[in-house]
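Here's the structure we're looking at; comments come further down.
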Amino acid sequence: MIHGGEEKLNNLISAVADGHAECLDGIYEIAGGRMLAVAASVAGKDNAEDILHDSFIKIARFAGKYKKGTNAYAWLTKIVRNTALDFVRSKKARTEVSSEEFYSLSSLDYSPEKRENAIMLETAIAKLEPDEKKVIYYRYYLDLSIRDIAKQMKCGKSSAQRLAERAERKLKNFLDGGTNER
């Protein structure tokens, strides 16, 4: 069942698909706050407005592909999330990564058990060598392929693969309570 705001969003997205670009304002009024929060959570507050702008361009471009009657909020936030992830990948992949750049995994919003697990993972990542940290960052935070990691690290694909496997083994070993084996 579609609720009031959801129905309005459905109608606004359909109107945008029909060429009524002014309906983007209505989408912003209803869902802009949520969309901005998604962008900020993925790419940081400083980049959120730019990402939201780019997201609205994509919404206008792809409104015709929206299936009326489905979850409009989910469709909109998926566009924002993907736009933010693309932004993060393109910007972060071009910079050097230090251990300080890793996202803080622990949050006061987490349950005690989840926070404890996040702290354990942060501690394990801190024990990795710099190149191992980079490969974990590229692989799991930026979701880059091994080929893209190899390009960023200026090494061969097989070297990047071995480095990723070694870093993953070390993390698993740390998290299982083992020692730093090479």
Side-chain angles (χ1 to χ4, degrees), residues 1-119 121-122 125-126 133-145 148-149 151-152:
M1 168 129 197
I2 299 176
H3 296 66
E6 188 84 24
E7 187 173 345
K8 271 186 173 178
L9 279 176
N10 268 284
N11 292 334
L12 288 167
I13 294 169
S14 294
V16 170
D18 292 338
H20 300 283
E22 69 275 4
C23 292
L24 289 168
D25 290 338
I27 293 171
Y28 181 80
E29 286 177 22
I30 295 170
R34 287 185 189 181
M35 296 166 69
L36 193 61
V38 169
S41 72
V42 174
K45 291 178 188 176
D46 294 343
N47 304 308
E49 288 183 16
D50 290 337
I51 290 166
L52 194 60
H53 177 267
D54 292 348
S55 297
F56 271 97
I57 292 170
K58 290 179 181 179
I59 290 165
R61 185 181 310 151
F62 298 113
K65 295 186 181 216
Y66 173 72
K67 294 180 183 123
K68 190 168 180 165
T70 60
N71 187 334
Y73 284 111
W75 187 77
L76 293 169
T77 55
K78 184 174 183 180
I79 288 174
V80 174
R81 180 183 174 276
N82 289 342
T83 303
L85 286 171
D86 290 344
F87 174 85
V88 168
R89 287 182 191 123
S90 70
K91 296 294 181 196
K92 294 286 187 176
R94 287 183 252 155
T95 61
E96 287 297 312
V97 178
S98 70
S99 60
E100 292 79 37
E101 289 182 71
F102 275 99
Y103 299 130
S104 177
L105 299 173
S106 57
S107 169
L108 296 176
D109 297 336
Y110 289 167
S111 67
E113 181 182 334
K114 189 173 182 180
R115 191 171 332 126
E116 183 180 325
N117 289 339
I119 290 169
L121 183 55
E122 285 177 353
I125 289 171
K133 289 177 186 176
K134 281 183 190 179
V135 78
I136 293 296
Y137 178 80
Y138 289 145
R139 186 85 172 137
Y140 295 102
Y141 287 90
L142 300 183
D143 197 28
L144 296 181
S145 68
D148 291 335
I149 292 169
K151 286 179 190 174
Q152 293 303 319

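Just so you know, these numbers use all the heavy atoms, side chains as well, and skip hydrogens, waters and symmetry mates. Keep in mind it's a predicted model, so treat the numbers as computed, not measured.
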(message) Applying side chain to side chain donor-acceptor pair (under 3.5 Å) as the test, list every pair that has at least one member in residues 25-38; sequence neighbours left out.
(response) none

If every non-hydrogen atom of [X] is compared with every non-hydrogen atom of [Y], which pair is closest and at what distance?
X: Val16; Y: Ala60; value: CG1-CA, 3.8 Å
X: Ile51; Y: Ala39; value: CG2-CB, 3.8 Å
X: Lys68; Y: Ser14; value: CD-OG, 3.4 Å

(request) Would you give the length of the straight line joining atom CG of Asn47 to atom CG of Leu52, rounded to the nearest 0.5 angstrom? (result) 12.5 Å

(message) With rounding to the nearest 0.5 angstrom, report the CG to CZ distance, Asp148 to Arg139.
(response)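 Here the interatomic distance stands at 10.0 Å.
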
[X]: which residues meet the side-chain contact (heavy atoms from CB on, under 4.5 Å) condition with it, sequence neighbours left out?
X: Ala72; value: Glu6, Leu9, Asn10, Ile13, Tyr66
X: Ser41; value: none
X: His20; value: Ala15, Asp18, Glu22, Cys23
X: Ile59; value: Leu24, Ile27, Met35, Phe56, Trp75, Leu76, Ile79

(request) Quick one: which residue pairs count as a salt bridge (charged side-chain N to carboxylate O under 4.0 Å, His left out) with a foot in residues 38-62, not counting sequence neighbours? (result) Lys58-Asp86

